[in-house]
Amino acid sequence: SRAPKADALVVFANEGDKVAKFGASARVLDDASGGALMRAATADAFQGKKGQMFTLAGPAKIAAKHVVVVGLGKAKETTLRDLEKAALPLVQALNTRKATSVSISGFDESDFKDAGSEEAVARFAMALQLSSYRFDKYFTRGGREKKPSLTTAHLVLGKAAAAKKI
């Protein structure tokens, strides 16, 4: 099945020597954009380190307005906690870019040190929800005008059997 339409697409990358190591989802987007994703990663010196992230705005031949690549660090050393920590800056970046929906894929391409892709999806979904929380009951008028734009997140898992477990 195809990923749902979204304002932004998010994929993950592992740390590489000079440039990040893209997973299969990122490589598909790179191919679709005529190599623009890898060129942008190289130009930004994006190495895929933990906490590193870059955005490609308006990529050619891709319907989404933005493609965001989130670095997870060295392959097989990434923990679920590292994945959870990536949620807050991701939500902030998407809200800054006024994205209302996001499609996130690549969970089953990453080797997590402490769990499988099914738990990774569940934990990342929880981290996204917590990162999106905003208590604005007592905000003045200015605070209400700056409400977050992100309302929908689609987490894509390649394995149908694994997704049913969640």
Side-chain angles (χ1 to χ4, degrees), residues 3-4 6-30 33 37-57 59 62 64 66-97 99-135 148-166:
D7 290 339
L9 301 175
V10 175
V11 291
F12 301 102
N14 289 113
E15 187 174 341
D17 293 330
K18 293 183 180 180
V19 71
K21 295 177 184 174
F22 285 174
S25 297
R27 287 193 303 270
V28 167
L29 290 176
D30 186 48
S33 67
L37 200 58
M38 184 55 81
R39 284 193 303 277
T42 303
D44 279 357
F46 177 75
Q47 293 178 310
K49 293 181 178 180
K50 289 179 188 177
Q52 214 177 14
M53 178 172 44
F54 90 94
T55 303
L56 179 62
I62 294 178
H66 301 93
V67 174
V68 182
V69 183
V70 177
L72 294 177
K74 293 184 180 180
K76 298 186 182 186
E77 290 183 18
T78 304
T79 64
L80 291 179
R81 184 70 184 127
D82 297 328
L83 185 64
E84 289 172 342
K85 285 181 182 179
L88 179 60
L90 176 61
V91 168
Q92 290 170 337
L94 293 170
N95 281 326
T96 298
R97 287 164 180 79
T100 58
S101 60
V102 61
S103 179
I104 305 168
S105 60
F107 294 99
D108 44 358
E109 300 160 12
S110 300
D111 289 326
F112 296 102
K113 187 176 176 179
D114 51 355
S117 57
E118 302 88 8
E119 188 172 346
V121 170
R123 296 271 293 269
F124 195 71
M126 180 190 69
L128 282 175
Q129 184 70 28
L130 292 172
S131 297
S132 300
Y133 178 76
R134 180 179 156 123
F135 182 78
S149 59
L150 187 62
T151 58
T152 307
H154 301 277
L155 283 72
V156 180
L157 186 61
K159 304 175 210 166
K164 288 178 183 177
K165 291 182 187 176
I166 299 174

Taking Gln52 for the side chain and Val70 for the main chain, is one N or O donor matched with an acceptor at less than 3.5 Å? no
Test side chain to side chain contact (heavy atoms under 4.5 Å, CB included), reference Gln92, set Leu94, Leu88, Asn95, output is Leu88
When rounded to the nearest 0.5 angstrom, what is the spacing between CD1 in Ile104 and NE2 in His154? 10.0 Å
Tell me whether Thr78 contacts the main-chain N or O of Ala75 through its side chain, where contact means a donor paired with an acceptor under 3.5 Å. no
Is a donor on one side and an acceptor on the other found under 3.5 Å between the side chain of Asp114 and the backbone of Thr79? no
What do the steps show when you test Val11 against Ser105 for side chain to side chain contact (heavy atoms under 4.5 Å, CB included), and what is the final call? CA-CA 5 Å; Val11 291; Ser105 60; 3.9 Å; yes
Between CD of Glu119 and CG of Leu80, what distance do you get to the nearest 0.5 Å? 5.0 Å
Is the distance from the ring center of Phe112 to that of Phe107 below 6.0 Å? no
For Pro59 and Ala64, work out which heavy atoms get closest and say how close. CD-O, 3.7 Å
Does Lys85 have any side chain to side chain donor-acceptor pair (under 3.5 Å) partners at least two apart in sequence or in another chain, and if so, which? none
Arg123 and Leu83: CA distance, side-chain angles, deciding distance, side chain to side chain contact (heavy atoms under 4.5 Å, CB included) verdict: CA-CA 8 Å; Arg123 296 271 293 269; Leu83 185 64; 5.7 Å; no
Can you name the closest pair of heavy atoms from Ala99 and Ala8 and give their distance? CB-CB, 4.3 Å
So with a 6.0 Å cut-off around NZ of Lys21, is the heavy-atom count from everything else above 12? no
Which value, rounded to the nearest 0.5 Å, describes the distance between Asp30 atom CG and Arg39 atom CZ? 7.5 Å
Under the side-chain contact (heavy atoms from CB on, under 4.5 Å) test, which residues partner Ala87, sequence neighbours left out? Phe124, Ala127, Leu128, Ser131
Shortest non-hydrogen pair, Phe22 vs Val69, comes out as CE2-CG1, 4.2 Å
Where Lys50 and Glu77 come nearest, the two heavy atoms and their spacing: NZ-O, 4.1 Å
Closest heavy-atom contact between Leu37 and Phe54? O-CZ, 3.7 Å
Please tell me whether Asp7 and Thr100 have a donor and an acceptor in their side chains that are separated by less than 3.5 angstrom. yes
Interatomic distance, NZ@Lys49 vs CG@Leu72, rounded to 0.5 Å, equals 14.5 Å
Gln47 versus Asp17, closest heavy-atom pair with distance: NE2-O, 3.1 Å
